[in-house]
Protein chains: 2
Amino acid sequence: MTAQRRGLGTNQEAVRRHNLGTVLRHVHGAGQISRAQLTALMGLNRSTIADLVLELASLGVVEQTVPTGVRSGAGRPSAGVRLAEVGPYVVAVDLGVDRAVVARVALGGDVIERATAPIPSGGGEAWQVGSTVAGLIRRVVEGAPAAAPLLGVGISVPGLVRRSDGLVRLAPNLEWRDVSFGSIVLAALGVDVPVQLANDADLGALAEHRRGAGVGIDDLIYISGNVGVGAGVITGGVRLEGAGGYAGEVGHLPFAPEGRLCHCGNVGCWETEVGAHAIAAAIGCPESDVVTLGDVLDEYAGPQRALGATGKALGYGLASIVNAFNPRLVVLGGYLSSLYALVRHEVDDALAERALPAPHESVTLSLPGLGSDSVLLGAAEIALEPLFADPVAALGTALVDVGARLAG
Amino acid sequence: MTAQRRGLGTNQEAVRRHNLGTVLRHVHGAGQISRAQLTALMGLNRSTIADLVLELASLGVVEQTVPTGVRSGAGRPSAGVRLAEVGPYVVAVDLGVDRAVVARVALGGDVIERATAPIPSGGGEAWQVGSTVAGLIRRVVEGAPAAAPLLGVGISVPGLVRRSDGLVRLAPNLEWRDVSFGSIVLAALGVDVPVQLANDADLGALAEHRRGAGVGIDDLIYISGNVGVGAGVITGGVRLEGAGGYAGEVGHLPFAPEGRLCHCGNVGCWETEVGAHAIAAAIGCPESDVVTLGDVLDEYAGPQRALGATGKALGYGLASIVNAFNPRLVVLGGYLSSLYALVRHEVDDALAERALPAPHESVTLSLPGLGSDSVLLGAAEIALEPLFADPVAALGTALVDVGARLAG
DNA sequence: CGCCTTTCGTCCATCCGAACAACAATCTCG
DNA sequence: CGAGATTGTTGTTCGGATGGACGAAAGGCG
């Protein structure tokens, strides 16, 4: 359930809000679901579910269908509930270190349209990137039906993002510090829509939890390998954010006190062993290809030995993470998924060696269920969040006829 | 708000349950509160609060008082709500490595009676400890009014406790492995009451969050120094448990790869630097006094230099924890509070050196607000938890006339 | 000291929304 | 084809939060 401010009482509007949001969350998650399933899942009365679905349908978010062909036992077949044909959508932005990916994502998580553009290496000025992103947003929104409402924009940033206001505190690979990127994009767009920013690893975790390898798993960690290394943590089914929103910065956990100098100023951070630069050096890959290390690794045919130590370092670091957070699943994203495919054995062994037995016995390592789209879809998910918290309010303030507004 | 199973709908019984529980939680937290304050805090109507308080009073949990003397401006003074004179209580058990502390704790968190007994070094057989604990429980319960209901028993264990069923997976300093200590205590008592077990650091964190140095702070970590070192994490106001309940095992984070051998089988764990045995060795304290290291440190008058390296190691380790969890507050419990008092400077400096600026700028180190009772009071808090989740049900199944039942 | 204002408790009617009961609809199975 | 099972639909009930009216108990002010 949505975490409302604790200590508060529940009034009847809150009940309705929560129930409408929960129905919508289920439809969003399953794509197609019957009213009978909803009654079972939510533990409410048939009549209540019927009423909730009716209200969502009148809001134009869902549609009721004739009973679907999939039958399951005797009895009258249940009416289906699915997302509306022309329903609300969001814009998801995945800011990488060398390119920006922007997508129009429908409620339900399908990418309808997508556009990509390179980002000057070293990030460049934030306003330039913002203008590039705004152009991509215009492009993906163009084809949207005029009647479809835009709920908001979700932006993934490879760096530390302050939770309270979305300020990018530090994005080392973009060379940004204290950049209000949300405002910059909005200014370049010339419209006012809700914008949510978050760390890339956090969003990868969210997406894998909702729609990827971690569906039904309430404690998982997504490790993003994206030049730097970060972790996004889902615990008890909710994002672990910490006081400022910076939780999960595992790239600078101490690893080898006598090791290499890290850009953070310390010596021997985990990132100096499993970061993209370290791996590139290990396999003799030129510096210029570091940003596309995943592709390089996918085609790597050199000696396994070159990566053995790296795999071991990855496993040892994961052991710390497993001990600290006790996840049921660890998803290796970015170039780490390519790396894991090459040295799975070394990683698994190192993890088993260093992790405590109790947390180790229930953990699984896995590749992303969403491929390289985890982060992008996570950005869509946070943009959808207000809709699940309060469907009526979110749809009330959503923007319609977006194509025309942005073109003008 | 209490985390109910996600995905569920909210029906009207759940609303009442939640609101009753929230009122009770506020009274429990504040001790004495006016109905006007409750309306403001919970955002409900005056009439609703009156009705909720009335129901709690008829359950015998709270009492209404004439308006208290503390005035605040004009207007009719508001009736007070306080805990009932003869109200429900719980038994809290803090299992240390050398002694067990048992207390009768009233709703509201006051320790009414307390009893202590030594535990044979090395823990001894679990059933022996269970019998000792049962004896202590009998003693503290004896004086309770016959009409007062016993809600349950909360037990703190220095080790890994499985969340699902409270099994003690591993308690190294008691030399226990897979011990169902809850059942053992119940069997020795001969009655059936709800029993909750949890890790000592988790309970320290809970108590400091509810009633100690972390009141109003939703992201905090309690580091327990109790021969071994563990962390309890509160994030977003709720306990971080992880998949099995083992989250927060930071004692075995890698620290010095060329360091000492740890009892977990690895080399250079943090615990080998800041664990009780390491500190005892550093200050030349005999092995037999390791279990009371806190007292030894309080009276320590030797050279500061002996502890300088330890302080630095503590700070470096805390930096990892701050980076990983981004807490607003870190409470140093057990002997670490004594240690911190001696080498505060070294710890602070080491933390500042290794932590990332963003998470570091908002974190504070502190001593426990509850002294050495944090863990004990945390055990009381988990035993109270069912009451806040559903007051009516919890009181319905509570045990009355406990003294006679246990004596017979 | 009396009056006004403010704030709160109490009592009532109201309203919202979930639950329930009864009946019709539509399937499976024998 | 009939019995049983499950669901949709509709009208009603009911729990519980809400809001207004009124009185009560304070403080502030002339």
Side-chain angles (χ1 to χ4, degrees), chain A residues 1 4 8-23 32-59 62-81 390-392, chain B residues 1 4 8-23 32-59 62-82 390-393:
Chain A
M1 85 180 315
Q4 54 188 64
L8 243 62
T10 304
N11 54 21
Q12 38 198 30
E13 299 153 42
V15 171
R16 188 67 171 184
R17 247 199 323 265
H18 172 245
N19 286 347
L20 281 174
T22 305
V23 168
Q32 166 82 22
I33 194 168
S34 74
R35 267 165 45 181
Q37 287 175 289
L38 285 171
T39 54
L41 284 169
M42 292 180 58
L44 299 181
N45 194 282
R46 284 210 298 275
S47 321
T48 309
I49 295 292
D51 193 43
L52 291 167
V53 170
L54 191 70
E55 179 163 353
L56 288 177
S58 79
L59 286 171
V62 305
E63 292 170 351
Q64 303 211 48
T65 68
V66 293
T68 158
V70 183
R71 299 289 316 115
S72 61
R76 174 176 176 173
S78 183
V81 182
D390 188 346
V392 178
Chain B
M1 83 180 319
Q4 55 188 65
L8 244 62
T10 304
N11 55 21
Q12 39 196 31
E13 298 152 44
V15 171
R16 188 67 172 182
R17 248 199 322 267
H18 171 244
N19 285 347
L20 280 174
T22 305
V23 168
Q32 166 81 20
I33 193 168
S34 73
R35 268 162 49 180
Q37 286 175 289
L38 285 171
T39 54
L41 285 169
M42 293 180 58
L44 298 182
N45 194 284
R46 280 212 300 272
S47 318
T48 310
I49 296 292
D51 195 42
L52 291 167
V53 170
L54 190 70
E55 180 163 354
L56 288 176
S58 79
L59 287 170
V62 304
E63 293 170 352
Q64 303 212 45
T65 69
V66 292
T68 160
V70 183
R71 302 288 316 114
S72 60
R76 175 175 176 174
S78 183
V81 183
R82 66 156 181 240
D390 189 345
V392 178

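Chain naming here is simple, since letters A, B, ... match the order of the sequence lines and numbering starts at 1 in each. Excluded from the calculations below are hydrogen atoms, water molecules and symmetry mates; all remaining heavy atoms, backbone and side chain alike, are included.
For the residue pair A:Pro391 and A:Leu56, the shortest heavy atom distance occurs at CB-CD2, 4.3 Å.
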Provide a list of protein-nucleic acid N or O atom pairs under 3.5 angstrom, restricted to nucleotides 17-20 of chain D.
unit_1	atom_1	unit_2	atom_2	d
D:dA17	OP1	B:Asn19	ND2	3.3
D:dA17	OP2	B:Arg16	NH1	2.7
D:dT18	OP2	B:Asn45	N	3.1
D:dT18	OP2	B:Thr48	OG1	3.4
D:dG19	O6	B:Ser47	OG	2.9

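In this structure, A:Val392 and A:Arg17 have side chains that are not in contact, with every pair of non-hydrogen atoms separated by 4.5 Å or more. Within the 4.5 Å cutoff, the side chain of B:Leu8 has no heavy atoms near those of the A:Thr22 side chain. At a threshold of 4.5 Å between non-hydrogen side-chain atoms, the residues B:Leu38 and B:Leu52 do not count as touching.
Here A:Met42 contributes atom CE and A:Thr48 contributes atom OG1; the two are 9.0 Å apart, rounded to the nearest 0.5 Å. Taking CG of B:Leu54 as the start and CG of B:Leu59 as the end, the distance is 10.0 Å to the nearest 0.5 Å. A:Asp51 CG to A:Arg16 CZ: the interatomic distance, rounded to the nearest 0.5 Å, is 4.5 Å.
Between A:Arg76 atom CZ and C:dC27 atom P there is a gap of 9 Å when expressed in whole angstrom units. Atom CG in B:Leu20 sits about 11 Å away from atom C1' in D:dG16, given to the nearest Å. One interatomic measurement links the two molecules: CD1 of A:Ile49 to P of C:dG17, which rounds to 15 Å at whole-angstrom precision.
Listed for the B:Asn19 side chain is a donor-acceptor partner under 3.5 Å among the backbone atoms of A:Thr10.
In the region residues 35-42 of chain B, proximity to DNA chain C at under 4.0 angstrom, judged on heavy atoms, holds for B:Arg35, B:Ala36.
Residue A:Ser78 places at least one side-chain N or O closer than 4.0 Å to OP1 or OP2 of D:dG8.
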